[in-house]
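Please read the structure below before turning to the comments.
Letters go in sequence order (proteins before strands), and every chain restarts at 1. Basis for what follows: all heavy atoms, side chains included, without hydrogens, waters or symmetry-related copies. Keep in mind that this is a model prediction, so the values were computed, not measured.
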There are 2 protein chains.
Amino acid sequence: MVKEFKIPDATIERVALYLRPLEGLMERNIRVVSSEKLADMCNVNPAQVRKDLSFFGEFGVRGVGYEVNDLLREIKRILASDREWRLGIVGLDDMGMALVQHKDFQQRGYRFIAAFDSDSRKIGKSLPNGLVIQPLSMIKQAAKELRIEIGVITTDAVEAQRVADLFFEAGIMAVLNFSPVHLRKPECCLVENVDFTLNLDHLAYELNRIG
Amino acid sequence: MVKEFKIPDATIERVALYLRPLEGLMERNIRVVSSEKLADMCNVNPAQVRKDLSFFGEFGVRGVGYEVNDLLREIKRILASDREWRLGIVGLDDMGMALVQHKDFQQRGYRFIAAFDSDSRKIGKSLPNGLVIQPLSMIKQAAKELRIEIGVITTDAVEAQRVADLFFEAGIMAVLNFSPVHLRKPECCLVENVDFTLNLDHLAYELNRIG
DNA sequence: GCCTGTGAATCCATTCACAGCT
DNA sequence: AGCTGTGAATGGATTCACAGGC
């Protein structure tokens with residue numbers, strides 16, 4: 001019984017956050033969790049957890065809590081992360097290599113199915129997962145044939161926009177951007193930026209405050 | 001003339017976001033920027049930019065805009081990112097290696113000055129930046145001697161808490177955590193979590209919504 | 001008794017709109 | 001004329017507090 005009104009963005013973000021702790025509980029064979037316990041594990045308020053979940057239906061049992069397994073399944077369904085997503089990556093220097101091997105991605109159904117690089121010395125090389133690195137000129141064709149859904153960019157600043165444009169032209173609507181530039185994009189497309197320096201800036205700021 | 005009342009957290013986060021575009025303008029020798037232009041480059045509202053900056057003083061010139069160079073210096077001062085910060089890292093698999101080589105870190109003054117791993121086969125090896133990988137047992141001593149300020153964790157889930165505890169015991173108050181677990185920490189310490197799957201979850205959710 | 005689900009209340013953040021300076 | 005700086009207005013998001021069901 002999913003409610004019709006629009007879900008707050010903050011809720012979507014937090015609901016994704018709940019996945020990891022829930023997976024942790026599953027592994028420890030803990031069947032039921034209260035909003036208070038789950039909130040603890042995510043540094044949020046218990047009422048927040050309940051309200052977030054209530055946007056999508058009534059998953060809990062009063063006096064008891066939430067069935068971990070059910071909740072996990074529901075959240076994955078809500079986020080559409082209950083299926084495989086097909087990723088293509090451009091840039092196979094250290095960061096790119098780290099990502100294609102990243103275990104969390106595979107476990108969660110995010111699968112790299114194509115890899116590209118502009119460095120001709122890298123073309124034709126095989127990655128540990130069996131992928132062969134292709135030239136950028138193959139992006140369009142590969143995107144169609146392999147049905148790439150999400151593009152990942154780990155190039156330097158200079159190349160990033162060009163690569164993003166290639167992705168968009170190839171019909172890839174979503175990009176995860178690790179490069180240090182703000183990408184221009186068509187209205188319809190989505191870009192998520194990852195920038196660790198923001199996290200470090202925040203730590204630096206707080207460290208400086210507390211003296 | 002810094003205002004005394006507390007700065008909203010959201011403002012701190014956005015102010016850090018303004019750094020990259022400003023650096024971009026510097027490189028292109030653009031001296032002055034309006035709140036509207038800067039807002040554009042960060043996908044925020046111009047009034048937001050002005051309000052954010054006004055928390056820290058009056059940096060702009062009415063009728064003109066903000067001096068890029070000044071603004072950059074001011075923001076760095078505010079965030080305390082106008083100096084070097086000393087990082088120690090644990091876990092030198094792909095992700096760890098990618099981070100120690102990450103150019104943005106060095107450019108912004110985030111310097112890795114120690115590296116540790118629990119894998120005995122890695123101990124004693126040198127990294128491209130000259131660091132030698134040490135065993136975890138060296139964390140406490142190295143933290144003191146080298147004055148490590150921020151600890152970076154790229155181990156797997158099993159090791160992460162143990163490493164975090166070692167950091168905290170060694171007097172390191174801030175941790176950047178790439179591992180997929182929620183770290184328990186003393187009241188006084190800071191943890192920032194990095195989790196790319198959250199970004200992918202968000203893209204998946206949106207892709208699914210728009211069909 | 002215990003814990004969820006949720007309207008109401010509160011708190012915070014964003015945006016508007018315009019006065020004030022150059 | 002142009003763009004900042006900011007009180008006031010708006011709009012969201014968080015938290016409270018309790019009714020409702022196990």
With a 4.0 Å cutoff (strictly under), does any side-chain N or O of [X] reach OP1 or OP2 of [N]?
{"X": "B:S35", "N": "D:dT4", "result": "yes"}
{"X": "A:N45", "N": "D:dA13", "result": "no"}
{"X": "A:Y66", "N": "C:dG5", "result": "yes"}

Report task. With sequence neighbours excluded, tell me which residues meet salt bridge (Lys or Arg N to Asp or Glu O under 4.0 Å) with B:R20. Result -> A:D195, B:D104
Rounding to a whole Å, what distance do you find between [X]:[atom1] and [N]:[atom2]?
{"X": "B:E36", "N": "C:dT15", "atom1": "CD", "atom2": "P", "answer": "14 Å"}
{"X": "A:D52", "N": "C:dT4", "atom1": "CG", "atom2": "P", "answer": "13 Å"}
{"X": "B:N43", "N": "C:dT14", "atom1": "CG", "atom2": "P", "answer": "14 Å"}
{"X": "B:E74", "N": "D:dG5", "atom1": "CD", "atom2": "C1'", "answer": "16 Å"}
{"X": "A:D9", "N": "D:dT14", "atom1": "CG", "atom2": "P", "answer": "11 Å"}
{"X": "A:K6", "N": "D:dG12", "atom1": "NZ", "atom2": "P", "answer": "8 Å"}
{"X": "A:Q48", "N": "C:dG5", "atom1": "CD", "atom2": "C1'", "answer": "14 Å"}
{"X": "A:I12", "N": "D:dG12", "atom1": "CD1", "atom2": "P", "answer": "16 Å"}

Query raised in the report: Under the 3.5 angstrom rule, does the side chain of A:E149 hit a backbone N or O of A:R86 as a donor-acceptor pair?
Result: yes
Pairs under 3.5 angstrom, nitrogen or oxygen only, protein versus nucleotides 19-22 of chain C, please.
unit_1 : atom_1 : unit_2 : atom_2 : d
C:dG20 : N3     : B:R62  : NH1    : 3.3
C:dT22 : O4'    : B:R62  : O      : 3.3

Query raised in the report: Which heavy-atom pair separates A:G171 from A:K144 by the least distance, and what is that distance?
Result: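 So the two residues come closest at N-NZ, 4.5 Å.
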**Report entry** Options D:dG5, C:dA13, D:dC16, nucleotide nearest the side-chain atoms of A:A47
**Finding:** D:dC16
Requested in this report: Under the side chain to side chain contact (heavy atoms under 4.5 Å, CB included) rule, collect the residues that match up with B:A16, sequence neighbours excluded.
Outcome: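 So B:A16 forms a side chain to side chain contact (heavy atoms under 4.5 Å, CB included) with A:L198, A:D201, B:L79.
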Requested in this report: Just jot down the side-chain hydrogen bond (donor to acceptor under 3.5 Å, both in side chains) partners of B:Q141, sequence neighbours excluded, or say none.
Outcome: B:E145
Query raised in the report: Considering residues at least two apart in sequence or located in another chain, which fulfil the ring-ring contact (aromatic ring centres under 6.0 Å, His included) criterion with B:H102?
Result: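 Scan of B:H102 (ring-ring contact (aromatic ring centres under 6.0 Å, His included), adjacent residues dropped) gives A:F196, B:F105.
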Requested in this report: State which residues pass ring-ring contact (aromatic ring centres under 6.0 Å, His included) with B:Y66; sequence neighbours excluded, sorted by chain then number.
Outcome: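 B:Y66 satisfies ring-ring contact (aromatic ring centres under 6.0 Å, His included) with no residue once adjacent residues are dropped.
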Report task. Please figure out whether A:K51 or B:R50 has its closest DNA chain D nucleotide nearer the 5' end. Result ->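 Looking at DNA chain D, the more 5' nearest nucleotide goes with B:R50.
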